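Heavy-atom basis, side chains included; hydrogens, waters and symmetry copies ignored. Note that the coordinates shown come from a computational prediction; the quantities given were computed from them, not determined experimentally.
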Amino acid sequence: MRIKLFTIPNCITLCNLLCGVGSIICSLVYNNLQLAFALVIVSAVCDFLDGFSARMLKQYSAVGVELDSLADMVSFGVAPALGMSVLCGGMPSAFGLSDMWCEVLCYVPLLVAAFSALRLAKFNIDESQKEEFEGLATPPSAILLLSIAALCERYSLVVELEWLVLLSVLTAMLLISPIKMFSFKFHEWGLGDNDNKLRYAFLIISCLLICLLRLYAIPTIIVLYIVVSTIRWIFKKR
């Protein structure tokens with residue numbers, strides 16, 4: 001059986017992977033969390049484009065599916081976990097914990113990598129997640145964490161260690177939660193579908209927030225996405 005490795009979608013996925021590796025290097029070697037965040041944004045764009053190009057060119061493959069998950073694990077699992085761990089290492093404790101306990105807490109964000117692996121493994125075998133996601137997808141979770149890290153570095157913000165650890169744990173739990181998160185996969189462009197109305201409204205609000213808040217808009221948009229999806233999920237259950 002001949003397997004094509006270097007298709008256009010697979011090459012885009014490899015760009016996603018390489019940007020994720022670059023983000024890890026920026027965090028661990030250069031302690032540059034802003035560049036680490038920027039590279040994860042590029043990874044997210046590549047993650048969108050590989051699926052889009054596969055649909056447009058009809059170049060679906062089992063290799064592409066597996067490669068996509070492996071790339072996402074690096075870019076949206078390992079990279080944000082290590083970025084948050086580095087950020088935690090430079091923040092003070094709100095409760096005046098000893099250096100030993102502070103160092104221990106700095107490793108807690110690595111749970112994001114572990115729970116991202118669970119999230120991706122579940123997604124690969126769950127046929128019910130074609131129209132919407134169960135739990136927070138890995139790209140927005142990575143963008144949320146690294147955008148906060150980039151904000152702290154850019155504007156010299158001080159966020160106590162315990163709050164960063166709590167944020168990391170909550171994000172990790174959201175990855176495997178049963179909450180149904182709406183997706184931005186448009187099957188048609190009209191407004192007849194209620195989900196399309198929600199998508200368009202959210203995109204418009206997001207653009208306005210970016211114009212008003214600039215970099216601060218990124219975590220705001222992700223949090224808004226989680227809140228809106230949770231409310232939508234609760235009402236659909238009822």
Could you tabulate the donor-acceptor pairs under 3.5 Å formed by side-chain atoms of residues 216-227, not counting sequence neighbours?
residue	atom	partner	partner atom	Å
Thr220	OG1	Tyr216	O	2.9
Tyr225	OH	Phe182	O	2.6

Let me check something: any side-chain donor-acceptor pairs from residues 113-124 under 3.5 Å, sequence neighbours excluded? List them with distances.
residue	atom	partner	partner atom	Å
Ser116	OG	Val112	O	2.7
Arg119	NE	Leu136	O	3.0
Arg119	NH1	Gln129	OE1	3.3
Arg119	NH2	Gln129	OE1	3.3
Lys122	NZ	Glu134	OE2	2.5
Asn124	OD1	Ser69	OG	3.0
Asn124	ND2	Ser69	OG	2.9

Let me check something: any side-chain donor-acceptor pairs from residues 161-171 under 3.5 Å, sequence neighbours excluded? List them with distances.
residue	atom	partner	partner atom	Å
Glu162	OE1	Ala94	N	2.7
Glu162	OE2	Ser93	OG	2.5
Ser168	OG	Leu164	O	2.9
Thr171	OG1	Leu167	O	2.8

Side-chain donor-acceptor pairs of residues 19-27 under 3.5 Å, sequence neighbours excluded:
residue	atom	partner	partner atom	Å
Ser23	OG	Ala36	O	2.9
Ser27	OG	Ser23	O	3.3

Listed pairs under 3.5 Å, donor-acceptor, residues 206-213 side chains, sequence neighbours left out:
residue	atom	partner	partner atom	Å
Ser206	OG	Phe202	O	2.8

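Shortest non-hydrogen contact noted between Ile12 and Cys46 is CG2-O, 3.3 Å. Nearest heavy atom pair, residue Val40 against residue Ala142, reads CG1-CB, 4.1 Å. In plain terms, the two heavy atoms of Asn10 and Leu5 that are nearest each other are ND2-O, 2.8 Å.
Counting non-hydrogen atoms of neighbouring residues, nucleotides and ligands closer than 6.0 angstrom, the CD atom of Glu103 reaches no more than 12 such neighbours. Within 6.0 Å of the OH atom in Tyr155, the count of heavy atoms belonging to other residues, nucleotides or ligands exceeds 12.
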Verify side chain to side chain contact (heavy atoms under 4.5 Å, CB included) between Leu105 and Trp101, making sure each step is shown before the conclusion. CA-CA 6 Å; Leu105 288 178; Trp101 282 110; 5.5 Å; no
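In this structure, CG on Leu151 lies 6.5 Å from CG on Leu157, to the nearest 0.5 angstrom. Considering CD1 of Ile143 and OG1 of Thr138, their distance stands at 9.5 Å, rounded to 0.5 Å. The line from CE of Met73 to CG of Asp68 is 13.5 Å long, rounded to the nearest 0.5 Å. The distance from atom CG of Leu82 to atom CG of Leu87, rounded to the nearest 0.5 Å, is 12.5 Å.
For residues 212-235, every residue pair satisfying the salt bridge (charged side-chain N to carboxylate O under 4.0 Å, His left out) rule, not counting sequence neighbours, is listed here: Glu132-Arg232, Asp195-Arg232. Sorted by first and then second residue, the pairs that involve residues 16-55 and meet ring-ring contact (aromatic ring centres under 6.0 Å, His included), not counting sequence neighbours, are Phe48-Phe52. Listed by first then second residue, pairs satisfying ring-ring contact (aromatic ring centres under 6.0 Å, His included) with a partner in residues 54-97 number zero, not counting sequence neighbours.
For Phe133, there are no ring-ring contact (aromatic ring centres under 6.0 Å, His included) partners, not counting sequence neighbours. Among residues two or more places apart in sequence or in another chain, the side chain to side chain donor-acceptor pair (under 3.5 Å) test is passed with Asp47 by none. Partners of Ser183 by side chain to side chain donor-acceptor pair (under 3.5 Å), not counting sequence neighbours: none found. Applying the side-chain contact (heavy atoms from CB on, under 4.5 Å) criterion to Gln34, with sequence neighbours excluded, gives Asn32, Ala150, Glu153, Arg154.
A chain of hydrophobic side-chain contacts below 4.5 Å, direct or via other Ile, Leu, Val, Met, Phe, Trp or Tyr residues, connects Leu49 to Ile8. Residue Leu110 is grouped with residue Leu33 when hydrophobic side chains (ILVMFWY) are merged at heavy-atom distances under 4.5 angstrom, including chains of intermediate members. With hydrophobic clusters built from ILVMFWY side chains whose heavy atoms lie under 4.5 angstrom apart, Val74 shares a cluster with Leu28. Hydrophobic clustering (side-chain heavy atoms under 4.5 Å, transitive across Ile, Leu, Val, Met, Phe, Trp, Tyr) keeps Val65 apart from Leu57. Leu145 and Val86 fall within the same hydrophobic cluster, where Ile, Leu, Val, Met, Phe, Trp and Tyr residues are linked whenever their side-chain heavy atoms come under 4.5 Å apart, directly or through other members.
Checking side-chain atoms of Ser75 against main-chain N and O of Asp72 turns up no donor-acceptor pair under 3.5 Å. In terms of modelled atom types and a separation under 3.5 Å, the side chain of Ser85 and the main chain of Cys106 share a donor-acceptor contact.
Counting heavy atoms from C-beta on, the side chains of Cys152 and Met91 come closer than 4.5 Å. Between Leu17 and Leu70, every side-chain heavy-atom pair lies at or beyond the 4.5 Å cut-off.
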